[in-house]
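Read the structure below first, then the notes.
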Amino acid sequence: MSPNTLSRWRTPTLILVCGGLIMTIAMGARHGFGLFLQPMSMAQGWGRETFAFALALQNLVWGAAQPFSGLIADRYGAGRVLFAGSVLYVLGLALMAHSNTGTELALSAGLLIGLGLSGTTFSIVYGVLGRTYPPEKRSQVLGIAGAAGSFGQFAMLPGTQALITGIGWMAALLVLAAVATLMAPLSAVLAEPGRDTSQRPTQSAAAAIREAAGHRGFWLLTFGYFVCGFQVIFIAVHLPAYLADNGLPGNVGVACLALIGFFNIIGTWGAGMLGARWTKKYLLAFIYVARSVIIVAFVAVPPTPTSAYLFAAAMGLLWLATVPLTNGIVAQVFGVAYLSMLGGFVFFSHQIGSFLGAWLGGVLFDRTGSYDVVWWIAVALGLVAMAVNLPINERPLARLADPKPAAA
């Protein structure tokens, strides 16, 4: 199909729908990995640290690769990045099903799926949407795309648990791999034809990186995102096991993850809408301190099904609400030409936090027999993240007022 033919049917609405579907599949499969911790560890004779390290490595690889996959998408169009990411994601799921050692699990669930996620999720899809929609609609659109990823968590988690129960964890992973193949044809809609020539940004990537590195708010935003990653991945990976350790049946953990996904749809969409009207840094500060308060209320007493469901619903409203707001600030301050790349750098910090949240959860549990220390680390980090977001300067850079910024 020629670029001219492709551009006629690539409407903004279709781009949003297909980008949302890719996010639904990629994030839906990824959020279910915590359900495999106990059955895989028991079947293979692993401690929880082995599985936790593989998922921690996945998040670290995802974050480390994100600036580079974002740069390729910004310079040459997102379609090829999304396609390559889809292939790696499918391969990683298939090999994860056949992993018999901790090393094999780290290479499949950690390395390959981490690379696949870097090519199929937030920064890549958001970059296309940011360049497709005007500034006044950008925050809402990013919120809708984020809500689509949340819908994947809500919709796919019960199915993943049913597959594990009905056909076993190995076959369940192969089914997820088959579902993930659907992302490849959807990537054609986000291909951005012509971006490899006339639509390339005039500013160099190196100049964009130097510009962001010299902006104090960029670093403050980056640290706040680190905290987000720590909190959400620790909860996503270890909450089902934490509830089981406290005597609650396994279906409570599954229901909690599904509730997080459902309320995350509302929270992410709502954050995008609010970000178009209110100051984004204040919304981010509120989200981080609210998370800390909710965690304290949850761990202060032994969990019950009711308290677990309330915790999941409340945390779900705040779960990925940071994503459209954080990317919205990056786009607002630095423009959209390198949104995928700069968003990727910020996201790398998120994934360092994710690595520590997933890994420390397993390490400290194996050392102490409890998750208590990690819960309180998450609380303290939330308060710090609130404080660092407040001084961020959201004003667009002066060069954005120039219709033809000079190339560096």
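Residue numbers count from 1 along this sequence.
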- Item | Spacing of CD1 belonging to Ile233 relative to NE2 belonging to His350, to within rounding of 0.5 Å | 6.5 Å

- Would you say the side-chain atoms of Asn264 pair up with the backbone N or O of Ile260, donor to acceptor, closer than 3.5 Å? no

- Task: Using modelled atom types only, decide if a donor and an acceptor are shared between the side chain of Ser41 and the backbone of Gln38 within a distance under 3.5 Å.
- Result: no

- Are side-chain heavy atoms of Ile113 and Met96 found at a separation under 4.5 Å? yes

- Note: Ala208 and Gln203 closest approach over all heavy atoms is CB-OE1, 3.6 Å

- How about Thr268 and Ile144: do any of their side-chain heavy atoms sit closer than 4.5 Å? no

- Whether Thr279 side chain and Tyr282 backbone form a donor-acceptor pair below 3.5 Å: no

- Query: Phe223: what forms a ring pair (Phe, Tyr, Trp, His ring centres under 6.0 Å) with it, not counting sequence neighbours?
  - Reply: Phe226

- Query: Are Leu95 and Leu107 close enough, and set up right, to give a side-chain contact (heavy atoms from CB on, under 4.5 Å), and what steps lead you there?
  - Reply: CA-CA 9 Å; Leu95 293 178; Leu107 291 174; over 6 Å; no

- Note, Thr132 side chain near Val128 side chain (heavy atom, < 4.5 Å): yes

- Message: Whether the Ser108 and Ser99 side chains hold a donor-acceptor pair (N or O, under 3.5 Å, no angle test) is what I'd like checked.
- Response: yes

- Looking only at side chains, do Trp62 and Ser354 share a donor and an acceptor under 3.5 Å apart? no

- Task: Answer yes or no: is there a donor N or O on one side and an acceptor on the other, between the side chain of Gln66 and the main chain of Ser118, under 3.5 Å?
- Result: yes

- Roughly how far, to the nearest 0.5 Å, is the CG atom of Asn389 from the CG atom of Leu325? 9.5 Å

- Examine distances only and state if a side-chain atom of Asn59 and a backbone atom of Gln351 form a donor-acceptor pair shorter than 3.5 Å. no

- Roughly how far, to the nearest 0.5 Å, is the CZ atom of Arg291 from the CE atom of Met386? 14.0 Å

- Task: Applying side-chain contact (heavy atoms from CB on, under 4.5 Å), run through Phe36 and Thr160 and close with a yes or a no.
- Result: CA-CA 9 Å; Phe36 293 90; Thr160 299; 3.7 Å; yes

- Message: Has Gln58 got a side-chain atom pairing as donor or acceptor with Ala109's backbone, closer than 3.5 angstrom?
- Response: yes

- Show your reasoning for whether side-chain contact (heavy atoms from CB on, under 4.5 Å) applies to Leu318 and Ile294. CA-CA 10 Å; Leu318 310 173; Ile294 292 166; 3.6 Å; yes

- Message: Quick check: do Leu71 and Phe68 have side-chain heavy atoms less than 4.5 Å from each other?
- Response: no

- Task: Search all heavy atoms of Ala94 against all heavy atoms of Ala177 and return the closest pair with its distance.
- Result: N-CB, 4.2 Å

- Item | Any Leu35 side-chain heavy atom under 4.5 Å of Val254 side chain | yes

- Please tell me if the side chains of Thr222 and Phe347 come closer than 4.5 Å, counting only heavy atoms from C-beta onward. no

- Task: Rounded to the nearest 0.5 Å, what's the gap from CG on Leu129 to CD on Gln140? Could you check?
- Result: 12.5 Å

- Answer yes or no: is there a side-chain heavy-atom contact under 4.5 Å between Ile25 and Thr120? no

- Heavy-atom pair of closest approach, residues Cys18 and Leu190: CB-CD1, 3.9 Å

- Task: Answer yes or no: does atom CH2 of Trp359 have more than 12 heavy-atom neighbours from other residues, nucleotides or ligands under 6.0 Å?
- Result: no

- Can any side-chain N or O of Trp219 pair as donor or acceptor with the backbone N or O of Ala213 at less than 3.5 Å? yes

- Task: Please report the closest heavy-atom contact between Pro391 and Leu220, naming both atoms and the distance.
- Result: CB-CD1, 4.1 Å

- Ignoring hydrogens and angles, tell me if any N or O in the side chain of Tyr371 forms a donor-acceptor pair with the backbone of Phe365 under 3.5 Å. no

- Item | Derivation of the side-chain contact (heavy atoms from CB on, under 4.5 Å) call for Leu339 and Val330 | CA-CA 7 Å; Leu339 177 56; Val330 173; 3.9 Å; yes

- Taking all non-hydrogen atoms of both residues, which atom of Val252 and which atom of Ala308 are closest, and how far apart? CG1-CB, 4.1 Å

- Got a second to check how far Thr326's OG1 is from Leu221's CG, nearest 0.5 Å? 5.0 Å

- Message: Going by salt bridge (Lys or Arg N to Asp or Glu O under 4.0 Å), name the pairs with one or both residues in residues 239-261, residues two or more places apart or in two chains.
- Response: Arg48-Asp245

- Can any side-chain N or O of Lys281 pair as donor or acceptor with the backbone N or O of Leu390 at less than 3.5 Å? yes

- Note on the structure: Sorted by chain and residue number, the side chain to side chain contact (heavy atoms under 4.5 Å, CB included) partners of Thr165 (sequence neighbours excluded) come out as Gln161

- Item | Phe334: partners by ring pair (Phe, Tyr, Trp, His ring centres under 6.0 Å), with sequence neighbours left out | His215, Phe218

- Aromatic ring proximity His238/Phe234, centre distance under 6.0 Å: yes

- Query: Is there any ring-ring contact (aromatic ring centres under 6.0 Å, His included) pair reaching into residues 78-134, and which pairs are they, with sequence neighbours excluded?
  - Reply: Phe122-Tyr126

- Note on the structure: Here the gap from Cys256 atom SG to Phe311 atom CZ, rounded to the nearest 0.5 Å, amounts to 8.5 Å

- Item | Check: Arg395 and Val333 side chains under 4.5 Å, non-hydrogen atoms | no

- Message: If we check side chain to side chain contact (heavy atoms under 4.5 Å, CB included) with Ile235, which of these qualifies: Phe298, Trp319, Tyr242, Phe230?
- Response: Trp319

- Which salt bridge (Lys or Arg N to Asp or Glu O under 4.0 Å) pairs, counting each pair once, include a residue from residues 211-223, with sequence neighbours left out? Glu211-Arg399

- So, does Ser187 use its side chain to make a donor-acceptor pair with the main chain of Leu82 at under 3.5 Å? no

- Message: So for atom CH2, which belongs to Trp269, do other residues, nucleotides or ligands contribute more than 12 heavy atoms lying within a distance under 6.0 Å?
- Response: no

- Message: Give me the atom names and distance for the closest heavy-atom approach of Val336 to Gly130.
- Response: CG1-O, 3.7 Å

